[in-house]
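Numbered from 1 within each chain, the chains take letters A, B, ... in sequence-line order.
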Protein chains: 2
Amino acid sequence: MARKTGSHSDITGPRVRAAALQLFARDGFAAVSMRQIAAEVGVQAGALYLYTPDKQALLFDLLKAHMDDVLSHWAAEPKGTGPQAALEAFVRFHIRFSLTRAEAVFLSYMELRNLTPEHFAQIEALRRAYEDQLEAILEDGQAAGIFAVPDTKLATMAIIAMLTGVNTWYREGGRLSRDRVEQIYQDMVRRAVQA
Amino acid sequence: MARKTGSHSDITGPRVRAAALQLFARDGFAAVSMRQIAAEVGVQAGALYLYTPDKQALLFDLLKAHMDDVLSHWAAEPKGTGPQAALEAFVRFHIRFSLTRAEAVFLSYMELRNLTPEHFAQIEALRRAYEDQLEAILEDGQAAGIFAVPDTKLATMAIIAMLTGVNTWYREGGRLSRDRVEQIYQDMVRRAVQA
DNA sequence: CTTGGAATTGAACGCGCGTGCAGATACCAC
DNA sequence: GTGGTATCTGCACGCGCGTTCAATTCCAAG
């Protein structure tokens, strides 16, 4: 079995993952059948169980991989010097990354309730770890007297919600370029937290 | 039949609506069966069809009623004088209303894809009408030189996303009171748009 | 060319789904 | 009490679901 041998270790087959991601994002986890995913891959339904123990684990794999992806890419992002630059880097990164991974981002906050409690807790922890990255920046700026934020946790949630919201309306080739959007959001965020 | 006679006109039975709202919000539209809703009401599944033509229309009724509710309550909200006061009123209203109607708000942006295109268009139009209320405030302030917003449409989406995000983390009896949350968000929003 | 394990099929399982409908029941005007 | 109508039950229908598994096909190593 592919699951126990091969060089993929415990990674779900790429073609299966891609199909599942696309369909889950478009129609919702509960509305997509294993047969539909299989058809997209060009295989019979039973063959999917060579790559995942069950449907729910397939969803978890997608969310887990996405969160790992977010965290590792943020870790590798240049952050400049000081809280101001770091905040700007975060805003730019979050918007850019969310737009290039729109389906995964969408899944990650729409389908959490379809995870088992154990899997949910894992994703939740990764999400919190990401939020903590932003909160640390705000705390630094607050300590340095650059930012005036009454509650860093609230400000963190507010900023992330605002940034993630870009996914709901931004369309490639629309009125505003991605660069322009990033710039405007940076201005708004900077003013919202500045001392 | 209740649907064709009675004083309810075409309004779905209140008990059915309440049960559907609660279950759809908790488990998702696709994951809730008509039998579960019926059980919650204390009735057999077939009886639900006295109140709704089908499952999808039940969802639409909930979303439509919510959007009407939002718009009529905002219309009745005192808005003070001038863009600054109006913006504060909007922020306060949106947070307060979203928190008291958490389930409906959640449904309204999670289950849009389960509507028929016609129903979707109706809800979308109401949503845009609501967004236009905020955008008009920003435009007024911009024209008056009170606000400095490069793009009122973008700012509208950013602010609404930020405010609606409160629903994802706020818990009654938590660290921050509702009044305090409203106050902090008002400060952030005001600073984000102020000239 | 043989062989053996990996990959996949195809059929089957039990189940719950949304919905329809004939018949039973509850309720209210007379 | 009787009649009629609003309400609801109980069952049925066809269907697609997630998942399993024996049987088959594929393919590289010997």
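- In this structure, NZ of B/Lys55 is placed 15 Å from P of C/dG20, rounded to the nearest angstrom.
- No continuous path of ILVMFWY side-chain contacts below 4.5 Å connects A/Val70 to A/Tyr109, so the two sit in separate hydrophobic clusters.
- Closest contact between the side chain of B/Tyr49 and the listed nucleotides D/dT19, C/dG20, D/dC17 involves C/dG20.
- B/Gln36 comes within 4.0 angstrom of the backbone, heavy atoms only, and of no base.
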All N/O pairs under 3.5 Å across the protein-nucleotides 9-13 of chain D interface:
unit_1	atom_1	unit_2	atom_2	d
D/dT9	OP2	B/Gln44	N	2.6

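- Nucleic acid contact class of A/Val41 (heavy atoms, under 4.0 Å, all strands): none.
- Put simply, A/Ser33 has a side-chain N or O that comes within less than 4.0 Å of OP1 or OP2 on D/dC17.
- B/Tyr185 is linked by a ring pair (Phe, Tyr, Trp, His ring centres under 6.0 Å) to nothing, counting only residues two or more places apart in sequence or in another chain.
- Taking atom CZ on A/Phe24 and atom P on D/dG18, their separation rounds to 9 Å, with Å as the unit.
- When rounded to the nearest whole Å, the span between CG of A/Leu58 and C1' of D/dG18 equals 13 Å.
- Residues B/Asp69 and B/Arg101 are paired through a salt bridge, judged by an N-O separation under 4.0 Å between the basic side chain and the carboxylate.
- In this structure, a donor-acceptor pair under 3.5 Å is absent between the side chains of B/Thr156 and B/Glu131.
- For the pair A/Ile37 CD1 and D/dG18 C1', the interatomic distance rounds to 11 Å; values are reported in whole Å.
- Distance CG (A/Asp54) to P (D/dC17): 17 Å, rounded to an integer number of Å.
- Ion pairing of A/Lys64 with A/Asp68 is present here, as a side-chain N (NZ or NE/NH1/NH2) and a carboxylate O approach within less than 4.0 Å.
- Partners of A/Phe147 by ring pair (Phe, Tyr, Trp, His ring centres under 6.0 Å), not counting sequence neighbours: none found.
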